[in-house]
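Only a predicted model underlies this, so the values are computations on that prediction, with no experimental measurement involved. When reading the values below, keep in mind they use all heavy atoms of this one structure, side chains included, and skip hydrogens, waters and symmetry mates.
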Amino acid sequence: MSEWLALALAMAGACLVVVVVVLVRHRKSDRNEDTSETPDVIEYITMMIGVVYAIVLGLAIAGVWESRSAAQDDVQAEAQSLHEVSARAEVFPADYRGVVEKDVNNYVSFVVNTEWHYMRTHGEISPEGTELLAKLRTDVAERAPQNDIEAQAYQAMMDKIAIADETRTSRGGNVGPTMPGVVWFGLVVGAVVTIGMLFALQIGRSRRELILAGTFSALIGFLLFLIWDFDDPFGRGVSVTTEPFLNLFPFLGS
């Protein structure tokens, strides 16, 4: 089952539950009960609960979106650094340049074709990818520069490899869900309480009231799904992509 189908079913289920509860409650309610007015205190409490939960939802969405954006920026920085290593190797002799380019190509090919799937299934970066990056660092460092131009390129290459290593480590830290379980507990309980307060307002079974109640519950379901989807930057539907590597290393797309 796809994530979007699961979302559609969850939203439809939330609407159905609210509508059914309203209809059952209305049928079993006391006929002498006055549902024309709601006490002011209940309206005030319902409003405050809605405002507080809206703030919590907004902060949660902002947090997971920021984490996803940071993960995408790390991938962009990693790809750009490795591309710069290949570009700066042009000033070196052909044999050394060939070794560096081969190491870079092997690493980026492994990241795109193998490690991305490995991160989703194992929840961490691959040790083999770490070894490939270490081999690149070793091969770059083993040849001493022979002139000023090579010395400048050599230092820049080592700096870029250090950035690639740092962003790779950061990428590994962003694999898997990032939001604590206690926050999810608060979000789910808050959703139940917020939707439950609809019944405290003595909602009726008119078409307009049922549509509004169902739409409100579906909206909360969609926002919770959005948070859940963004919570794992590399493992779910709206995930971080390998596009930076594909753009800077065209041979990966062939």
Side-chain angles (χ1 to χ4, degrees), residues 1-15 17-18 21 45-79 111 114-130 133 163-200 215-244:
M1 180 184 297
S2 68
E3 294 179 357
W4 293 108
L5 178 58
L7 169 62
L9 292 176
M11 293 175 63
C15 293
V17 168
V18 171
V21 171
I45 293 175
T46 302
M47 179 187 67
M48 292 306 299
I49 290 176
V51 170
V52 171
Y53 189 64
I55 294 174
V56 173
L57 276 178
L59 292 175
I61 293 174
V64 294
W65 177 257
E66 183 178 357
S67 297
R68 182 191 178 281
S69 297
Q72 186 69 67
D73 291 342
D74 287 338
V75 174
Q76 178 66 49
E78 182 181 1
V111 168
T114 303
E115 188 168 52
W116 225 255
H117 177 71
Y118 183 93
M119 290 191 302
R120 293 187 173 187
T121 56
H122 293 78
E124 61 182 3
I125 55 178
S126 168
E128 185 177 351
T130 303
L133 186 59
I163 293 175
D165 191 13
E166 180 182 357
T167 52
R168 172 182 172 79
T169 302
S170 180
R171 171 160 60 86
N174 287 323
V175 176
T178 58
M179 185 173 293
V182 65
V183 178
W184 273 115
F185 176 80
L187 289 173
V188 173
V189 171
V192 173
V193 172
T194 302
I195 295 176
M197 290 303 295
L198 291 174
F199 308 116
T215 303
F216 178 72
S217 60
L219 175 61
I220 291 182
F222 171 75
L223 293 176
L224 289 177
F225 171 83
L226 196 64
I227 296 172
W228 174 82
D229 203 37
F230 285 160
D231 188 33
D232 188 348
F234 294 97
R236 293 181 182 140
V238 189
S239 62
V240 175
T241 67
T242 58
E243 184 177 357

* Which residues pass the salt bridge (Lys or Arg N to Asp or Glu O under 4.0 Å) test with Arg168, sequence neighbours left out? -> Glu115

* Using modelled atom types only, decide if a donor and an acceptor are shared between the side chain of Thr194 and the backbone of Ala191 within a distance under 3.5 Å. => no

* To do: Taking side chain to side chain contact (heavy atoms under 4.5 Å, CB included) as the test, write out the residues that go with Val192, two or more places apart.
  => none

* Asked: Is the backbone of Glu166 close enough, under 3.5 Å, to the side chain of Ser170 for a donor and an acceptor to pair up by distance?
  -> no

* **Pairwise distance OG1(Thr169) to CG(Asn174) - rounded to 0.5 angstrom** => 11.0 Å

* To do: Report the C-alpha distance between Leu57 and Leu187 in whole Å, list the side-chain angles of each, state the deciding distance to 0.1 Å, and finish with yes or no for side-chain contact (heavy atoms from CB on, under 4.5 Å).
  => CA-CA 7 Å; Leu57 276 178; Leu187 289 173; 4.0 Å; yes

* How close do Ala71 and Val240 get, heavy atom to heavy atom, and via which atoms? -> CB-CG2, 3.8 Å

* Any chance you could lay out the side-chain contact (heavy atoms from CB on, under 4.5 Å) test for Trp116 and Val75, step after step, and finish with the verdict? => CA-CA 11 Å; Trp116 225 255; Val75 174; 3.7 Å; yes

* **Inter-residue atom distance Phe230.CZ - Ile61.CD1, 0.5 Å rounding** => 8.5 Å

* Measuring from Asp229:CG to Leu224:CG, what's the distance to the nearest 0.5 Å? -> 12.5 Å

* To the nearest 0.5 Å, how far apart are CD1 in Ile195 and CD1 in Ile49? -> 12.5 Å

* **All side chain to side chain contact (heavy atoms under 4.5 Å, CB included) counterparts of Asp231, not counting sequence neighbours** => Val64, Pro177, Thr178, Met179, Trp184, Arg236

* Worked verdict on Glu243 versus Gln76 for side-chain contact (heavy atoms from CB on, under 4.5 Å) -> CA-CA 8 Å; Glu243 184 177 357; Gln76 178 66 49; over 6 Å; no

* Just wondering, do Met119 and Val175 contact through their side chains at under 4.5 Å, heavy atoms? -> yes

* Taking all non-hydrogen atoms of both residues, which atom of Asp74 and which atom of Thr167 are closest, and how far apart? -> O-CB, 3.6 Å

* Any idea how Tyr118 and His122 line up, ring-wise: parallel (<30°), tilted (30 to 60°), or perpendicular (>60°)? -> parallel

* Asked: About how many Å separate CD1 of Ile125 and CZ of Phe234, when rounded to the nearest 0.5 Å?
  -> 10.0 Å

* Taking atom CD of Glu66 as the centre, does the number of heavy atoms from other residues, nucleotides or ligands within less than 6.0 Å exceed 12? -> no

* Check whether any side-chain heavy atom of Glu78 sits under 4.5 Å from a side-chain heavy atom of Arg171, and report yes or no. => yes

